[in-house]
Amino acid sequence: MNELKFNEKVWFLMKKIPKGKVATYKALAEKMGTKAYRAVGNACRRNPNPPYIPCHRVVKSNGGIGGFKGKTSGPYIQEKIFLLKKEGIKFENKKILNFKEVLFEF
DNA sequence: GCTTTGACTCTCG
DNA sequence: TCGAGAGCCAAAG
């Protein structure tokens, strides 16, 4: 049972992200010892585990939001941004202004 | 068991 | 700065 599946590893790292901070798919993948950047996003998109996973704290390496609720654009993205903004993260045109400031390093 | 998809990342022009 | 292409891995069909 110590065999953490790929998705489980992703969730575990996500939960480690403190409030007001964000992480990139790349960081997550590399931290778990793989380059499955996409697989990380897949784990979140399918989100086998509900609100238990703070997927909104995971962004792209360029500071972009990526997606939310299975959508890469639309009101869902705005909502994701709004949540992050409430945590002290600044956004501009769907991009994180203080990206490096809020970027959480494992 | 192969094919398709995806909330990605990097490189080149 | 921006767009297109290639590379990468895992889950679902």
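First the proteins, then the strands, lettered A, B, ... as listed; each starts at 1. Any value given below was found using the heavy atoms of this structure, including those in side chains, with hydrogens, waters and symmetry copies removed.
When atom types are taken as modelled, the side chain of A/Glu101 and the backbone of A/Asn98 share no donor-acceptor pair closer than 3.5 angstrom. The main-chain N or O of A/Val22 is never found under 3.5 Å from a side-chain atom of A/Arg57 such that the two would form a donor-acceptor pair.
Here A/Thr34 does not reach the OP1 or OP2 of C/dC9: none of its side-chain N or O atoms lies under 4.0 Å away.
Rounded to whole Å, the distance from NZ on A/Lys5 to P on C/dA11 is 7 Å. In this structure, A/Lys35 places its NZ atom 16 Å from P of C/dG7, rounding to the nearest Å. If you take CG of A/Leu28 and C1' of B/dA7, they are 12 Å apart, rounded to a whole angstrom. In this structure, the CZ atom of A/Arg46 is 13 Å from the C1' atom of C/dC9, given to the nearest Å. Atom CD1 of A/Ile53 and atom C1' of B/dA7 are 14 Å apart (whole Å). When rounded to the nearest whole Å, the span between CG of A/Asn7 and P of C/dC9 equals 16 Å. Counting to the nearest Å, the P atom of B/dA7 and the CD1 atom of A/Ile17 are 18 Å from each other. Nucleotide C/dA10 holds its C1' atom 13 Å from the CH2 atom of A/Trp11, rounded to whole Å.
Taken from CG in A/Leu28 to CZ in A/Phe104, the straight-line distance is 10.0 Å, to the nearest 0.5 Å. Rounding to the nearest 0.5 Å gives a distance of 11.5 Å between NZ of A/Lys60 and CD1 of A/Ile96. Expressed to the nearest 0.5 Å, how far CD1 of A/Ile77 lies from NZ of A/Lys71 amounts to 10.5 Å.
Considering only the side chain of A/Lys60, B/dT9 comes nearest among B/dT9, C/dA11, B/dG6. Taking every side-chain heavy atom of A/Asn42 into account, B/dG6 is the closest of B/dG6, B/dA7, B/dT9. Nearest to the side chain of A/Thr72, among B/dT9, B/dG6, B/dA7, sits B/dA7.
Within the nucleic acid shown, A/Lys80 comes within 4.0 Å of at least one base atom, counting heavy atoms only. A/Phe6 comes within contact range of the sugar-phosphate backbone alone, with a heavy-atom separation under 4.0 Å but no base atom that close.
Along DNA chain B, the nucleotide nearest A/Val40 and the nucleotide nearest A/Asn62 are compared for position; the residue whose nucleotide lies closer to the 5' end is A/Val40. Mapping A/Lys26 and A/Ala39 onto DNA chain B via the closest heavy atom, the residue that lands nearer the 5' end is A/Ala39.
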